[in-house]
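What follows is a set of notes on a single structure, which appears directly below.
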2 protein chains.
Amino acid sequence: MRKRKRTYSCGLEASLAVTGGRWKFLILWVLSNQGTKRFGELRRAVVGGISEKMLIQELKELELDGIVERKDFKRVPPRVEYSLTPLGIELGEATASLCEWGTKHIDRINGASQKSVSVEPGVFPQ
Amino acid sequence: MRKRKRTYSCGLEASLAVTGGRWKFLILWVLSNQGTKRFGELRRAVVGGISEKMLIQELKELELDGIVERKDFKRVPPRVEYSLTPLGIELGEATASLCEWGTKHIDRINGASQKSVSVEPGVFPQ
DNA sequence: CCGTATCCGTAAGGATACTG
DNA sequence: CAGTATCCTTACGGATACGG
């Protein structure tokens with residue numbers, strides 16, 4: 001399942017090894033902003049509609065990487081809570097600026113692909 | 001090729017729509033730190049060994065999103081230079097903290113516990 | 001409620017050859 | 001040098017059904 005093929009010599013590459021894929025950033029973001037969550041809560045909170053399969057898979061990998069902590073209450077009905085480790089909290093903070101950039105330019109991004117290709121040099125409507 | 005299926009309501013999701021995939025962050029990082037590059041230079045500078053096909057594909061998408069600017073000198077032999085737009089520069093700055101996180105914790109990510117990591121010269125300084 | 005287990009389609013991405 | 005054009009393989013990720 002998980003094959004960390006090689007070692008990383010570049011910081012960004014290492015970060016991407018941990019946060020790669022479609023969902024990890026978004027999961028991280030929920031836990032970073034909304035704190036500890038149960039499995040079902042987390043599933044509903046992640047934007048885009050993640051499947052149970054993907055959520056549990058990504059959580060396992062994040063746990064292996066020391067980003068996420070899993071607490072199983074071993075009860076019936078089951079109750080499991082996920083939260084960030086200190087390392088995960090740091091990583092969450094590191095993504096804050098990325099989120100801000102997206103928020104700031106979201107209108108432009110949402111319209112980028114339909115627009116005609118010719119954009120006047122140097123001009124960036126905002 | 002590019003199908004931006006929907007609009008994004010979350011800043012992080014919007015950012016990921018632009019920077020998603022395996023290579024875009026790394027391309028962005030090169031242009032952000034090393035400035036304008038020719039096609040071949042860029043290809044050699046991106047860590048991990050990107051193919052020509054992927055590089056040109058990602059560059060086109062980044063150009064459509066207003067992140068990268070392409071300058072064609074229309075000469076023989078061909079000379080094309082890629083650089084970041086103001087929007088791209090901003091985005092590059094937003095990824096800096098992510099790179100720092102990776103650099104800081106690279107030992108742990110690489111598998112922890114073992115030998116120290118020798119950072120090869122020529123990759124991203126940090 | 002919190003997962004596991006399969007099946008399966010798509011597309012991301014690599015390899016190679018070719019062009020102006 | 002800077003791309004195009006194909007072919008091909010993998011794995012990402014969705015859908016569904018089932019289990020403790």
Side-chain angles (χ1 to χ4, degrees), chain A residues 1-6 13 16-28 30-31 36-65 68-83 113 117, chain B residues 1-6 8 13 16-28 30-31 34 36-65 68-83:
Chain A
M1 169 166 77
R2 140 82 45 117
K3 37 169 184 243
R4 207 43 81 69
K5 355 183 174 185
R6 55 201 212 75
E13 204 188 6
L16 294 178
V18 171
T19 57
R22 185 175 162 197
W23 298 108
K24 295 217 183 120
F25 267 119
L26 297 168
I27 294 170
L28 188 67
V30 170
L31 293 176
T36 300
K37 287 247 175 245
R38 296 183 59 173
F39 182 84
E41 289 176 329
L42 187 51
R43 175 153 142 74
R44 286 184 293 274
V46 170
V47 70
I50 187 172
S51 66
E52 289 188 348
K53 172 192 163 183
M54 290 314 296
L55 180 54
I56 194 65
Q57 179 179 305
E58 306 290 71
L59 282 171
K60 272 182 188 168
E61 294 185 5
L62 288 170
E63 197 188 352
L64 272 176
D65 282 326
V68 155
E69 186 174 10
R70 177 182 187 274
K71 180 167 186 186
D72 189 339
F73 287 80
K74 300 188 186 304
R75 288 195 332 215
V76 179
R79 178 187 184 89
V80 180
E81 287 182 355
Y82 292 91
S83 57
S113 42
V117 192
Chain B
M1 166 171 82
R2 136 88 42 120
K3 35 169 184 252
R4 203 47 79 71
K5 356 188 171 184
R6 53 199 213 74
Y8 303 95
E13 205 187 5
L16 295 178
V18 171
T19 56
R22 184 173 163 198
W23 298 108
K24 295 216 182 119
F25 268 118
L26 297 168
I27 294 169
L28 188 67
V30 170
L31 292 176
Q34 304 183 28
T36 300
K37 287 244 176 248
R38 297 183 58 171
F39 182 83
E41 288 176 329
L42 187 52
R43 174 153 142 73
R44 284 184 293 274
V46 170
V47 70
I50 188 172
S51 66
E52 289 186 349
K53 172 191 166 186
M54 291 314 297
L55 180 55
I56 194 66
Q57 178 179 305
E58 306 291 69
L59 282 171
K60 273 182 187 166
E61 294 185 7
L62 287 170
E63 196 187 353
L64 271 176
D65 281 326
V68 155
E69 187 176 10
R70 176 181 188 275
K71 181 167 186 185
D72 190 338
F73 287 80
K74 300 185 187 309
R75 287 194 334 216
V76 179
R79 178 185 184 92
V80 180
E81 287 182 354
Y82 292 91
S83 57

Between [N] ([atom2]) and [X] ([atom1]): distance, integer Å:
X	N	atom1	atom2	result
A/Glu52	D/dG20	CD	P	16 Å
B/Ile50	D/dG3	CD1	P	13 Å
A/Arg75	C/dC1	CZ	C1'	11 Å
B/Leu55	D/dA2	CG	C1'	10 Å
A/Glu61	D/dA11	CD	P	13 Å
A/Arg70	C/dC2	CZ	P	10 Å
B/Glu63	D/dA2	CD	C1'	14 Å
A/Glu41	C/dC2	CD	P	8 Å

Distance in Å, [X] [atom1] paired with [Y] [atom2], rounded so as to fall on 0.5 Å steps:
X	Y	atom1	atom2	value
B/Glu63	B/Glu58	CD	CD	13.5 Å
B/Lys60	B/Asp65	NZ	CG	14.5 Å
B/Leu55	B/Leu26	CG	CG	11.5 Å

* Asked: With a non-hydrogen cut-off below 4.0 angstrom, is A/Arg43 in contact with a base, only sugar-phosphate, or nothing?
  ->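 No contact.
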Practice prompt. Pick base, sugar-phosphate or nothing for A/Tyr82, based on heavy-atom distances below 4.0 Å to the nucleic acid.
Written response: sugar-phosphate
Side chain of [X] (C-beta onward), nearest among [options]:
X	options	answer
B/Met54	D/dA2, D/dT4, C/dG13	C/dG13
B/Val80	D/dA2, C/dT4, C/dC2	D/dA2
A/Arg38	D/dC1, C/dG14, C/dC1	C/dC1
A/Lys60	C/dG13, D/dG3, C/dT4	C/dT4
B/Arg22	C/dT4, C/dG14, D/dG20	C/dG14

Dot-bracket assigned to DNA chain D with the 3.5 Å Watson-Crick/G-U criterion, [ ] for crossing and | for other-strand pairs, is |||||||||||.||||||||
ask   = Would you say A/Glu81 has more than 12 foreign heavy atoms packed within less than 6.0 Å of its CD?
value =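 Counting other residues, nucleotides and ligands, CD of A/Glu81 exceeds 12 neighbours.
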Is there a side chain to side chain contact (heavy atoms under 4.5 Å, CB included) between B/Lys24 and B/Glu61 once you walk through the steps? CA-CA 9 Å; B/Lys24 295 216 182 119; B/Glu61 294 185 7; 2.7 Å; yes
Any protein N or O atoms within reach of nucleotides 5-9 of chain C? Criterion: under 3.5 Å, listing atom names and distances.
none

Exercise: identify the closest heavy-atom pair between B/Lys74 and B/Asp72 =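 That closest heavy-atom pairing would be N-OD1, 2.8 Å.
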Discussion item. Between C/dG14 and D/dG13, how many Å separate the two P atoms, rounded to a whole number?
Written reply: 15 Å
Would you indicate whether the side-chain heavy atoms of [Y] and [X] approach each other to under 4.5 Å?
X	Y	answer
A/Arg70	A/Leu59	no
A/Leu31	A/Lys37	yes
B/Phe39	B/Ile56	yes

Position toward the 5' end of DNA chain D (nearest nucleotide), B/Pro77 or A/Gly49: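 Looking at DNA chain D, the more 5' nearest nucleotide goes with B/Pro77.
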List, one per line, each side-chain donor-acceptor pair under 3.5 Å for residues 42-52 of chain A, sequence neighbours excluded.
| residue | atom | partner | partner atom | Å |
| --- | --- | --- | --- | --- |
| A/Arg43 | NH1 | A/Ile50 | O | 2.4 |
| A/Ser51 | OG | A/Met54 | N | 3.2 |

